[in-house]
Participant: 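So that we are looking at the same thing, I have put the structure below in structure tokens.
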Amino acid sequence: MSISITFPDGAVRQYESGVSALDIAKGISEGLARNVLAAKVNGVVVDANRTITADATLQLLTWNDDEGKKTFWHSSAHLLAEALEALYPGVKFGIGPPIDKGFYYDIDFGDQKFGAEDFDKLEAKMNELAKANSSFIRSEVSKADAISYFTEKADPYKLELINDLNDGEITFYQQGNFTDLCRGPHIPNTGFVKAIKVLNTAGAYWRGSEKNKQLTRIYAITFPKRAELDEYLLMLEEAKKRDHRKLGKELEIFTFDDDVGPGLPLWLPNGGAMIEILENFAKKTEREAGYERVKTPHIAKESMYLKSGHLPYYKESMFPPMEMDGDTYYLKAMNCPHHHKIFGALPRSYKELPLRLAEYGTCYRYEQSGELFGLMRVRSLQMNDAHIYCTEEQFEQEFRAVNDLYARYFKVFGIDKYVMRFSTHDPAKLGEKYINNPELWLKTEDMVRKVLINSNIPYVEVADEAAFYGPKIDIQVWSAIGKEFTLATNQVDFAQAERFDLYYINEKSEKERPLIIHRAPLSTHERFIGFLLEHYAGNFPTWLAPKQVAILPISDKYLDYAKDVCNFLKKCDIRAFIDERAEKAGKKIRDAEIAKIPYMLIVGEKEAGSGEVSVRRHGGEDLGAMKQEAFAEHIKKETEI
RNA sequence: GCCGAUGUAGCUCAGUGGUAGAGCACUUCCUUGGUAAGGAAGAGGUCAUGGGUUCAAAUCCCAUCAUUGGCUCCA
């Protein structure tokens, strides 16, 4: 019997029923067949050697397809497991999925030890098994047989997984001497794997729950070509150079000190300068957008956090309380309750709304020790915070205005690689993780969704990630080394107005609850500057650079002229300094280049005589000689934002 | 918090049981120079901290602290 196969380009060809994707590939070219990792039949990814017995659409998946890569890495995880079982008999296997870059396998090593010193051995074994060209053989297994197989192997994890599956949907895959519970699909054989790198190990709780046993997770990556692995490793090296922790040290932005404490950054003068620049920018922008600035203390009494509802949710991650005059005080971990108190301090009319209260508020959060990460996750932080109190009718416009503000900021910084994550509640956790008000949850979530859709903002919606007081939008970005974190946030709060008994008088002279928007588009100084360091790889645009201009006298004979230039630039609000060392120009240039100073002004006999400066841009571009005033003008123009 | 790794001069790092090292940075002197490293000398360390083993510990063992790769968490 013959069947019709439709290819992605629309071509339809006839084949004998029972043909496999691999057969079809071979029919097209041997070269293609060598590269086929899996196939997409009627939209479902399957093994390339699965037989096709009815008319179907077919896409051959290779390394160039994401699904091809995923299949390749998934099979590589099985290869890793096969090697581990050979080297460490009796280890138990958790799960071994592909990830964005490579794959991992969670292993229970029992009494056996596995560490970085064993990576070479494991790689060697994997290479050996890869060369064996073992086919991945699929078999359908009854639940009873599956249970009996893994009972014999005494693997509690696989048994637990099988338990959740139904008879008839269980498949095994075998390659060489290794058999695994797996839904597949897999690449044709292990020989496709040509380059292997075991990257690191980590503890990982079984099924992601702290209550379960911690397994050893082994991360690795594989490629069909040696050269691709080398390229990948090189890229990792490059990424490390952008790491804000490395750059922050090199550019003297921040430091940590054991006597100050973990997660408590010290801002060096360069970091202090950046903070000032960012604040000035934000304050101006927010003033124009109708925000008013407020200022609140760093501590408050327990009663306020009980009222706000934060304490039961976050007590564990607040610094321990202080006892004073018979009262219990906490260091503030969030600014919202303080701001709510400001809203409530005066009688409010609908005419005052929306009321937008902004503060670069300093907060302290007792983050778990294992969470601390450079500037991205710290225990003292200063937030670009504001709370907008508005009526329900004003909500959409206000929420949209906040999103516009993000867009504006992100454009200034050239931030374009991010994902908007819309977090909603889980109805099953009302009253536990979330304020128990089902109608308001649905209503506000609808409002947010509407704004996102109406503004054409791409987003992903995730359930059960909301704040306890309402849904939120987070802007997710990635650090140089690939760690995901929330940069900015925009949250709806329908709970705290009630808790603080906040109200305004509406047109009909009735009391009404305001809706509250929490927003922090520029995140915290800590996280934002950490992010910017990586984003710009330390090469800040001139307006943001803590030091904008290095004045480099050719010799100390021209120091006086250099001082004239420096004073003039400072008067023009340009951040300039003189390299007064008795070094040659070449050395001073090199050091200014390494310090990533945007402009270098070389001043010597020629310039001193003519009142000029010779301008070199960071990176080497020579802008030639110009009058001091012309240079000041040049910088002014460039730093307008 | 949990599992693993790491901790030596300001920075980057050598140093596997026998007198603490290098490069850069710093200080001083010489050199007074033209677009990515001039020369010389000097100073700088309780080898994270506290115990232990040993004739002897940066080195071996234990604990603590910090950093870190992940996991869990994230107002």
Side-chain angles (χ1 to χ4, degrees), chain A residues 104 106 109 113-117 199-219 243 245-246 249-250 252 255-263 305 308-311 313-318 332-337 363 365-374 376-377 381 383 385 423 465-470 472 474 481-483 485-486 489 491 493 496 518 520 527 552-559 581-594 600-607 614-625:
Chain A
Y104 65 78
D106 284 348
F109 277 91
K113 282 246 181 310
F114 181 83
E117 62 280 6
L199 296 167
N200 51 31
T201 62
Y205 299 106
W206 168 239
R207 299 200 134 181
S209 169
E210 239 175 325
K211 296 185 188 88
N212 290 338
K213 179 163 180 181
Q214 196 161 57
L215 308 179
T216 303
R217 176 168 295 179
I218 301 175
Y219 286 92
D243 191 314
R245 292 167 297 185
K246 186 174 156 67
K249 199 178 269 179
E250 286 169 0
E252 296 178 13
T255 188
F256 289 95
D257 186 285
D258 279 0
D259 280 329
V260 178
Y305 296 114
S308 72
H310 282 98
L311 209 54
Y313 289 96
Y314 300 113
K315 186 169 181 178
E316 292 308 306
S317 40
M318 289 174 79
K332 77 173 165 186
M334 69 297 291
N335 301 303
C336 27
C363 297
R365 295 178 179 182
Y366 185 72
E367 301 283 4
Q368 293 184 19
S369 60
E371 292 309 329
L372 301 176
F373 173 63
M376 302 300 193
R377 200 74 184 268
L381 45 109
M383 246 192 288
D385 212 355
S423 301
E465 289 287 335
F468 74 86
Y469 46 65
K472 62 174 180 176
D474 289 323
I481 56 170
K483 225 183 174 68
F485 57 93
T486 299
T489 186
Q491 314 180 343
D493 179 350
Q496 291 198 58
H518 302 231
R527 192 170 279 189
L552 314 178
I554 290 293
S555 84
D556 51 18
K557 279 192 262 180
Y558 312 107
L559 250 183
R581 294 174 305 166
E583 294 287 354
K584 290 193 183 180
K587 170 70 167 164
K588 294 181 182 180
I589 288 167
R590 175 182 158 80
D591 288 347
E593 284 286 347
I594 289 169
M600 283 149 260
L601 301 184
I602 291 93
V603 293
E605 188 177 5
K606 206 169 67 194
E607 292 79 6
S614 284
V615 184
R616 176 190 163 113
R617 193 82 171 80
H618 174 62
E621 191 190 351
D622 189 349
L623 303 188

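Chain A is the first sequence line, chain B the second, and so forth, proteins listed ahead of strands; every chain is numbered from 1. These numbers come from the heavy atoms of this one structure, side chains and all, not from hydrogens, waters or symmetry mates.
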Participant: What's the closest nucleotide to the A:F373 side chain, out of B:U72, B:G69, B:C74?
Facilitator: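 When the side chain of A:F373 is considered, B:G69 is the closest of B:U72, B:G69, B:C74.
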Participant: Checking contacts here: which listed nucleotide (B:C2, B:G38, B:G34) is nearest the side-chain heavy atoms of A:Y205?
Facilitator: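 The answer is B:C2.
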Participant: Could you give the CG-to-P distance, from A:D591 to B:G10, as a whole number of Å?
Facilitator: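 Distance check: A:D591 CG to B:G10 P gives 20 Å.
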Participant: What is the distance from CD of A:E210 to P of B:C3, rounded to the nearest Å?
Facilitator: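 It works out to 12 Å between those atoms.
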Participant: Give the rounded distance in Å between these two atoms: CG of A:N212 and P of B:C71.
Facilitator: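 Answer to the nearest Å: 16 Å.
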Participant: Using a 4.0 Å heavy-atom cut-off across all strands, classify A:L372 as base, sugar-phosphate, or nothing.
Facilitator: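 Sugar-phosphate: the residue A:L372, judged by heavy atoms under 4.0 Å, touches backbone atoms but no base.
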Participant: Reckon A:G263 touches a base, only the sugar-phosphate, or nothing at all at heavy-atom distances under 4.0 Å?
Facilitator: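 Counting heavy atoms under 4.0 Å across all strands, the contact made by A:G263 is with sugar-phosphate only.
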Participant: Need the pair for B:C74. Rule: Watson-Crick or G-U wobble, both distances under 3.5 Å, any strand; none if unpaired.
Facilitator: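 Across all strands, not a single nucleotide pairs with B:C74.
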Participant: Could you tell me the separation between the CE atom of A:M600 and the P atom of B:A36, rounded to a whole number of Å?
Facilitator: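 To the nearest whole Å, that distance equals 10 Å.
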Participant: Given 3.5 Å as the limit, does a donor-acceptor pair link the side chain of A:R365 with the main chain of A:A333, or not?
Facilitator: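 Pair found, side chain donor or acceptor close to backbone of A:A333.
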Participant: Kindly point out which of B:A36, B:A75, B:C73 is positioned nearest to the side chain of A:E593?
Facilitator: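 Looking only at heavy atoms from C-beta outward on A:E593, the closest nucleotide is B:A36.
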Participant: Should A:K557 be listed as having a side-chain N or O under 4.0 Å from OP1 or OP2 of B:G33?
Facilitator: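 For B:G33, OP1/OP2 do have a side-chain N/O of A:K557 under 4.0 Å.
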Participant: Could you check how far NZ of A:K588 sits from P of B:G34, rounded to whole Å?
Facilitator: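 About 12 Å, once rounded to whole Å.
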Participant: Given B:C71, B:G4, B:A36, which nucleotide is nearest the side-chain atoms of A:T201?
Facilitator: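 Looking only at heavy atoms from C-beta outward on A:T201, the closest nucleotide is B:G4.
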Participant: Pick base, sugar-phosphate or nothing for A:T216, based on heavy-atom distances below 4.0 Å to the nucleic acid.
Facilitator: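 Here A:T216 touches no strand at all.
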Participant: Across all strands, who's sitting opposite B:A41 as a Watson-Crick or G-U wobble pair, both distances under 3.5 Å?
Facilitator: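 With both distances under 3.5 Å, B:A41 matches B:U27.
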Participant: Looking only at atom C1', what distance separates B:A20 and B:U46, rounded to whole Å?
Facilitator: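 Result for the C1' pair: 12 Å, nearest Å.
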Participant: With a non-hydrogen cut-off below 4.0 angstrom, is A:Y104 in contact with a base, only sugar-phosphate, or nothing?
Facilitator: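 No contact.
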Participant: Can you see if the side chain of A:R207 gets near the phosphate of B:U72 - specifically, an N or O under 4.0 Å from OP1 or OP2?
Facilitator: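 False: A:R207 side-chain N/O out of range (4.0 Å or more) of B:U72 OP1/OP2.
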Participant: Do A:Y558 and A:L552 touch side chain to side chain, with heavy atoms closer than 4.5 Å?
Facilitator: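 No; the side chains remain at least 4.5 Å from each other.
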Participant: Mind checking who B:A14 pairs with, Watson-Crick or G-U wobble, both distances under 3.5 Å?
Facilitator: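 Pairing partner: none.
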Participant: Looking only at atom P, what distance separates B:U67 and B:C55, rounded to whole Å?
Facilitator: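 To the nearest whole Å, 38 Å.
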Participant: A:P262 has a side chain; which of B:G34, B:A66, B:U72 sits nearest to it?
Facilitator: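 Selected nucleotide: B:A66.
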Participant: With respect to the side chain of A:R365, which nucleotide from B:U72, B:C74, B:C71 is positioned closest?
Facilitator: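 The answer is B:C74.
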Participant: For A:K249 and B:U12, is the shortest distance between a side-chain N/O and OP1 or OP2 below 4.0 Å?
Facilitator: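 Checking A:K249 against B:U12: at least one side-chain N or O falls below 4.0 Å of OP1 or OP2.
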Participant: Answer yes or no: does a side-chain N or O of A:R245 lie under 4.0 Å from OP1 or OP2 of B:U68?
Facilitator: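 Affirmative; the distance criterion is met.
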Participant: Looking at B:A56, which nucleotide sits across from it as a Watson-Crick or G-U wobble partner, both distances under 3.5 angstrom, or is there none?
Facilitator: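 Pair assignment: B:A56 / none.
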Participant: Check this one for me: any side-chain N or O of A:K472 less than 4.0 Å away from OP1 or OP2 of B:A75?
Facilitator: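 Yes.
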Participant: If I pick the C1' atom on B:C47 and the same atom on B:A41, what distance separates them, to the nearest angstrom?
Facilitator: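 Looking at atom C1' only, B:A41 and B:C47 are 27 Å apart.
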Participant: Can you tell me how far P of B:A5 sits from CZ of A:R217, to the nearest Å?
Facilitator: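 Atom CZ in A:R217 sits about 18 Å away from atom P in B:A5.
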Participant: Assign A:D556 to base, sugar-phosphate, or nothing according to its heavy-atom contacts below 4.0 angstrom with the strands shown.
Facilitator: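 Contact class for A:D556: base.
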Participant: Would you say the side chain of A:L372 lies within less than 4.5 Å of the side chain of A:E367, judging by non-hydrogen atoms?
Facilitator: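 Contact flag for A:E367/A:L372 side chains = yes.
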Participant: Work out how far the C1' atom of B:G21 is from that of B:U28, and round it to whole angstrom.
Facilitator: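 It comes out at 23 Å once rounded to the nearest Å.
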Participant: Can you tell me the Watson-Crick or wobble partner of B:U6, both distances under 3.5 angstrom?
Facilitator: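 Paired with B:A66.
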Participant: Between B:G15 and B:A57, how far is it from one C1' atom to the other, in whole Å?
Facilitator: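 Looking at atom C1' only, B:G15 and B:A57 are 14 Å apart.
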Participant: Salt-bridged, A:R616 to A:D622, with N to O below 4.0 Å?
Facilitator: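 No, A:R616 and A:D622 are not salt-bridged.
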Participant: Quick check: does any side chain N or O of A:K588 sit under 3.5 Å from a backbone N or O of A:R581, one acting as donor and the other as acceptor?
Facilitator: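 A pair under 3.5 Å: yes.
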Participant: Describe the nucleic acid contact of A:S209 in one word from base, sugar-phosphate, nothing, applying a heavy-atom distance below 4.0 Å.
Facilitator: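 The residue A:S209 makes no contact with any strand.
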Participant: With a 3.5 Å limit on both atom pairs, tell me what B:G33 is paired to, counting Watson-Crick and G-U wobble, or say none.
Facilitator: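 Pairing partner: none.
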Participant: Taking 4.0 Å as the cut-off, does a side-chain nitrogen or oxygen of A:S369 come that near to OP1 or OP2 on B:G1?
Facilitator: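 Yes, within the criterion.
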Participant: Please determine, for B:U46, whether a Watson-Crick or G-U wobble partner exists with both distances under 3.5 Å, and give it or none.
Facilitator: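 Per the H-bond distance test, none.
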Participant: Among B:G1, B:G33, B:G69, which is the nearest nucleotide to the side chain of A:A202?
Facilitator: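 Closest of the options to the side chain of A:A202: B:G69.
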Participant: To the nearest 0.5 Å, tell me how far A:K249 NZ sits from A:F256 CZ.
Facilitator: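 Going from the NZ atom of A:K249 to the CZ atom of A:F256 covers 10.5 Å.
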Participant: Just compare B:U72, B:G33, B:U35 and give me whichever is closest to any side-chain atom of A:A582.
Facilitator: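 Of the options given, the side chain of A:A582 lies nearest B:G33.
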Participant: Please measure how far the C1' atom in B:A43 lies from the corresponding atom in B:C60, and state the result in whole Å.
Facilitator: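 Here B:A43 and B:C60 have their C1' atoms 34 Å from each other.
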Participant: Please classify the nucleic acid contact of A:E621 as base, sugar-phosphate, or nothing, using heavy-atom distances under 4.0 Å.
Facilitator: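 Answer is nothing: A:E621 stays at 4.0 Å or more from every strand.
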Participant: Are the side chain of A:D556 and the backbone N or O of A:L559 linked by a donor-acceptor pair below 3.5 Å?
Facilitator: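 Looks like no, no N/O pair under 3.5 Å.
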Participant: Contact class for A:E250 vs. all strands (heavy atom < 4.0 Å): base, sugar-phosphate, or nothing?
Facilitator: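 Counting heavy atoms under 4.0 Å across all strands, no contact is made by A:E250.
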Participant: Over all strands shown, is A:G208 touching base, sugar-phosphate only, or nothing at heavy-atom distances under 4.0 angstrom?
Facilitator: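 Here A:G208 touches the backbone only, sparing every base.
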Participant: Roughly how far apart, to the nearest Å, are B:C11 and B:A5 at atom P?
Facilitator: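 My reading of the P atoms in B:C11 and B:A5 gives 25 Å.
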Participant: Both A:G374 and A:S614 contact RNA chain B. Taking the nearest nucleotide for each, which residue is further toward the 5' end?
Facilitator: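 By nearest-heavy-atom nucleotide position, the 5'-most residue is A:S614.
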Participant: Looking only at the side chain of A:E583 (C-beta and beyond, no hydrogens), which of the listed nucleotides B:A75, B:G38, B:C73 gets closest?
Facilitator: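 Closest nucleotide to the A:E583 side chain: B:G38.
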Participant: If you check every side-chain atom of A:E605, which of B:G34, B:C74, B:A75 has the closest atom?
Facilitator: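 Among B:G34, B:C74, B:A75, the one nearest the side chain of A:E605 is B:G34.
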Participant: What nucleic acid atoms does A:Y469 come within less than 4.0 Å of, heavy atoms only: base, sugar-phosphate, or nothing?
Facilitator: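 Sugar-phosphate only.
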Participant: Has A:R527 got a side-chain atom pairing as donor or acceptor with A:T486's backbone, closer than 3.5 angstrom?
Facilitator: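 Here the side-chain-to-backbone pair exists.
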Participant: Under 4.0 Å from OP1 or OP2 of B:G34: is there any side-chain N or O of A:R590 that close?
Facilitator: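 Answer no for this pair, as no side-chain N or O of A:R590 is under 4.0 Å from OP1 or OP2.
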Participant: For A:A467, which contact category applies under a 4.0 Å heavy-atom criterion: base, sugar-phosphate, or nothing?
Facilitator: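 The answer is sugar-phosphate, as A:A467 gets under 4.0 Å only of primed atoms, P, OP1 or OP2.
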Participant: Look only at the side chain of A:E607 and the backbone of A:G604, and say whether a donor-acceptor pair between them is shorter than 3.5 Å.
Facilitator: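 Present.
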Participant: Distance between the C1' atoms of B:C65 and B:U49, in whole angstroms?
Facilitator: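 Roughly 7 Å separates the two C1' atoms.
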Participant: Once you apply a heavy-atom cut-off of 4.0 Å, does A:G604 come out as touching a base, just sugar-phosphate, or nothing?
Facilitator: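 Base, at least one base atom sits under 4.0 Å.
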Participant: Using modelled atom types and a 3.5 Å cut-off, is there a donor and acceptor pairing between side-chain atoms of A:Q214 and backbone atoms of A:W206?
Facilitator: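 Such a contact is absent between A:Q214 side chain and A:W206 backbone.
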Participant: Any side-chain N or O of A:K587 under 4.0 Å from OP1/OP2 of B:A25?
Facilitator: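 Checking B:A25 against A:K587, a side-chain N or O does come within under 4.0 Å of OP1 or OP2.
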Participant: Check the distance between B:A66's C1' and A:D259's CG and give it to me in whole angstrom.
Facilitator: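 It is 11 Å, rounded to the nearest whole Å.
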Participant: Just the rounded figure in Å: distance from P of B:G50 to CG of A:D258.
Facilitator: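 For the pair A:D258 CG and B:G50 P, the rounded distance is 14 Å.
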